[in-house]
Amino acid sequence: MTRFDDLYTEADTFLHRLDPRVKIFSVLLLSLLAFVLSHLLSLILLLSFIFLLLLLARARYSKTLFALKFVLRFMALIAVLWPIFDPSGTPVLARLGPVTITEPAIWRGITSAVRVGCLATVWYILMFTTSQRDLVRALVKLGLRFDFGLTLAIALRFFPAFGSVMESIIDAQRARGMEFEKGGVLTRSRRYVAVLGPAIVTALRTADTLSLALESRAYGARKDRTYLRDLRMSGGDYVALSIAIALLVVPAVARFAFEVPI
Amino acid sequence: MTPGGEPGESVVTVDGVSFSYEGGFEALVGVSMRVRRGEYIAIAGGNGSGKTTLAKHINGLLHPSVGRVTTCGMRTDETSVANLARKVGYVFQNPDHQLFCTTVEEEVRFGLENMDFEESESAPKAQAAMELVDIVALRDRPPFTLSLGDRRKVTIASVLAAEPEILVLDEPTTGLDHHDSEHLMSTLRALNRSGRTIVLISHDMRLVAEHVDRAVLMAAGRILVDADVGAVFSDLELLREAKLVAPPITQVAHRLAPLGVSPSTFTPSQLVQQIEVLRGGGG
Amino acid sequence: MPAIQMSNVSVVYKGSKESALDQITLEVEEGEMLLLLGRNNSGKSTFCRLLNGLVPHSIPSTLTGAAAVFGKDISRGKVASLSTSVGMVFQEPESQLFCMSAEEEIAFGPENIAVPRAEIVSRVEWALDIVGLRGYNSRSPASLSGGEMQRLAIAAALSMHPRMMVLDEPAYALDPVGREELYSLLRRLKERFGMTVIIAEHGAEEAIQFCDRVVVLAKGRVLADGSPRDILSDETLFDFAGVSAPQLSRLSSIMRRRSLGTGSSIHTIDDAVREVQDAISTGGQEVPR
Ligand SMILES: Nc1ncnc2c1ncn2[C@@H]1O[C@H](COP(=O)(O)OP(=O)(O)OP(=O)(O)O)[C@@H](O)[C@H]1O
Ligand SMILES: Nc1ncnc2c1ncn2[C@@H]1O[C@H](COP(=O)(O)OP(=O)(O)OP(=O)(O)O)[C@@H](O)[C@H]1O
Ligand SMILES: [Mg+2]
Ligand SMILES: [Mg+2]
């Protein structure tokens, strides 16, 4: 099963090779762009651009589908709800009791839905093409304290392992006749204890060894620390960053300085 | 605590079973075997050979992708795990994955409560199970503060309390020292003598050789051999293919086969007996 | 300078009345491969954790007596500073690997002591090569098999270029062939680099064949200390320590009791074959001693 912490797909595309810091910035810039653009067509153009990038990132079909499922549901929800709660504008298309549906509200709903679609899918580009360790590395390089970065990395590393521990615990209790489907409030709460209790004990035992292992490998030995893999910007990274900046600045200037309706 | 039923009748039938985990990894490939009532068998093989996966099919925690498994006359894919739990006691590899009660006694009674036993019934059953594995003195202690050996015993007692017909134990001696693992093995031996069917998962070939009647060797999701322990140890190459190593005495016996020593010699005393016979005869 | 020097060393954990280690006096030469045997709770892990200062610096406990590793006083040295001479491998492979790739796992120690990057790169390759995981650089530790994880944990300690490796029940959960591979890897470390290797186990069957010296612990005390040959010839010792006696040692003592064979001690399969052959061929006659 695909999970949100498992979207990264190994491949060798220019998006994979980009410095993760550049990717984080560019994704932020493109997100801002979705707010600068107000015209439905330009937003659809942006969305298509994002999809083109996803295509270039050679995201695996099953993972894309899994990720898009959530976005599409959310987009549909916005497109449906917006006209119901926004009665402004004419012509009025329908009146159902207190609800007034107008044509501009429908367009505004669709526009917002596409904007939200852009905002969500643009982050998938980052998730699909950047491994967790590169993300953590970028955050540390951008100023996150190393020990916070390490904590984050450890959490990400043990998250799936913890999932299989939970599965094993549930199996162990089922093997003793516990049924997860039936029972009243009391038996239900007991079931939570039967799963969470061993989970916590197991996690604590793991954490215990983990802290000994960290220390045994000289963690915190000195203030300065070297890094096996360092991030260094290449020519391509600067080009990509410039393009991303231009993509935001040009439309922003056009819209706010020259009042071009885009 | 003797379970009913005919000895020799098949209690577990695994019939042409293949199984793939989510993500497509095929952990069992065309596995067939059966366990008869009152047998004491071992499933042995290297890490990742599919032992645990096969064992989880016996009590329906996993259902075959292809083929079928019948336990005590019930198709496992048509019966709930809770129902099968009355017939099959399953002791997990890691005791920390199941202990959660505040006292050992509650832990031992947890399974009985799930099976809707009355208080008046469950108390003596729990008592009997605790006596069997020798943890009565620990009854009021919180399980997670006990040593690994004692935690393991608690999980075994908690499964024994329901008096299952079949007992499946997944590597119950890992982490236990000699004293505790010998004690556990003699408890299992006694349970088997009183009619219980036992399936032991282990890669400790010395334990298998000394205690078990029949062994199923697995490698890469397939059964390599399924035979009496004597026959299994007659082929050292096959053992190695299963990432197993014969006990030293068996290796010595193989080297001495030309002198008439039987290759299915597992313990020092068996070997010495043969020496005495052979030198008497050769004299 | 000896690798380990202990004189009258005792360790008491905080909140406990009994000593986990009790009056230990012991010296281990550099380059020795030592098997530490003892039943559950005999003090093996405590001994291991003392060697890089986890006891008493990180795990609340008090240390009395004089304990030194490569001449460094353990009661003064910090774990981090001892960790450059002592590499530590724990029992469960999963919980001691915390990085997202094998190479980062191996680089973690050297990074912490600010080894220059080029040097780290070569240490990573070197360590992967020794443990037989070449090409595993970007594999996630979580995706490895139990045996591979344990070898990665060893590589991660080796990259600090320690003079001593300490392994606390490293073969736990490995299949027999995996165990053999692990012990022979450790033997190689000793032979190729003159490393001191300390292995704690509660069964002697497999590991004893690979070691130079055996120390048997019982209730925190040294019960016996000698060569594998000495230890193996004393079967009562194993019963006394609650450790499973290797089969060959049992064979040796039964044969001696019944005056079979030449009476020399049985250490290896070859020894046993020779002894049994002798016993069978000499027929009913008593062998003169
Ligand atoms: N939940 C799971 N998801 C995917 N693959 C799994 C899962 N559990 C086990 N496997 C894989 O199935 C194979 C068989 O695993 P299994 O646990 O049955 O082996 P085993 O013989 O019990 O090994 P061990 O001696 O290490 O306990 C292994 O390759 C393992 O990686
Ligand atoms: N962190 C701790 N706090 C308090 N007591 C401890 C701690 N760790 C171990 N002990 C106690 O110290 C004694 C020696 O334990 P140790 O873990 O060294 O034994 P061991 O030989 O490694 O046992 P095992 O084979 O079970 O791993 C035991 O009585 C144990 O209960
Ligand atoms: Mg298993
Ligand atoms: Mg220990």
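Here the structure is a predicted model, which is why all the values come from computation and not from measurement. Protein chains get the first letters and strands the later ones, always in sequence-line order, with residue 1 at the start of each.
- Under 4.0 Å is where a charged nitrogen must lie from a carboxylate oxygen, and between C/K78 and A/E215 no such pair does.
- Most heavy-atom pairs under 4.5 Å with chain A: of the set C/A80, C/G109, C/A114, this distinction falls to C/A114.
- Note on C/A157, C/S58, C/S138: by heavy-atom pairs under 4.5 Å with chain A, the leading option is C/S58.
- Atom CG of residue A/D224 and atom CD of residue C/E111 lie 12.5 Å apart, to the nearest 0.5 angstrom.
- Interface remark: C/A156 contributes backbone and side-chain atoms alike to the contact with chain A (heavy atom separation under 4.5 Å).
- Counted within 6.0 Å of CZ on A/F25, heavy atoms from surrounding residues, nucleotides or ligands total 12 or fewer; the atom is thus considered open.
- Across every non-hydrogen atom of C/P110 and A/T226, the tightest pair is O-OG1, 4.0 Å.
- C/N112 places a side-chain N or O within 3.5 Å of a backbone atom of A/R217 that can act as its donor or acceptor partner.
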Item to check | Working for side chain to side chain contact (heavy atoms under 4.5 Å, CB included), residues A/L210 and C/Q96 | outcome: CA-CA 5 Å; A/L210 193 61; C/Q96 58 186 309; over 6 Å; no
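- Residue A/L228 holds its CG atom at 12.5 Å from CZ of C/R123, rounded to the nearest 0.5 Å.
- Distance alone, capped at 3.5 Å, is enough to place a donor-acceptor pair between the A/R157 side chain and the C/L97 backbone.
- For A/A153, the parts lying under 4.5 angstrom from a heavy atom of chain C are both the backbone and the side chain.
- Heavy-atom pairs under 4.5 Å with chain A peak, among C/V121, C/V124, C/V115, at C/V115.
- Of the atoms belonging to A/Y219, heavy atoms from both backbone and side chain fall under 4.5 Å from chain C.
- Look at A/R229 and C/E103 and you find a salt bridge, because one of the NZ, NE, NH1 or NH2 atoms lies within 4.0 Å of a carboxylate O, short of that distance.
- In terms of heavy-atom pairs under 4.5 Å with chain A, the best-connected choice from C/L54, C/I120, C/N52 is C/L54.
- Between A/V136 and C/M100 the shortest side-chain heavy-atom distance falls below 4.5 Å.
- Classification of C/E104 and A/R137 as a salt-bridged pair holds, one side-chain N sitting under 4.0 Å from a carboxylate O.
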Checklist entry - Do C/I59 and A/L212 pass the side chain to side chain contact (heavy atoms under 4.5 Å, CB included) test, and can you show the C-alpha distance, the side-chain angles, and the key distance before you say yes or no? => result CA-CA 9 Å; C/I59 305 169; A/L212 296 183; 4.0 Å; yes
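- Interface remark: C/I113 contributes backbone and side-chain atoms alike to the contact with chain A (heavy atom separation under 4.5 Å).
- Contact annotation for A/L214: both backbone and side-chain heavy atoms come within less than 4.5 Å of a heavy atom of chain C.
- In this structure a side-chain-to-backbone donor-acceptor pair under 3.5 Å is missing from A/R133 to C/S101.
- Of the atoms belonging to C/F90, it is side-chain heavy atoms, and not backbone ones, that fall under 4.5 Å from chain A.
- To the nearest 0.5 Å, atom CG of residue A/D208 and atom OG of residue C/S95 are 9.5 Å apart.
- Interface check for chain C: of the options A/I154, A/L150, A/D230, the most heavy-atom pairs under 4.5 Å are formed by A/D230.
- Relative to the ring axis of C/F108, A/R225 places its NZ or CZ within 45° and under 6.0 Å from the centre.
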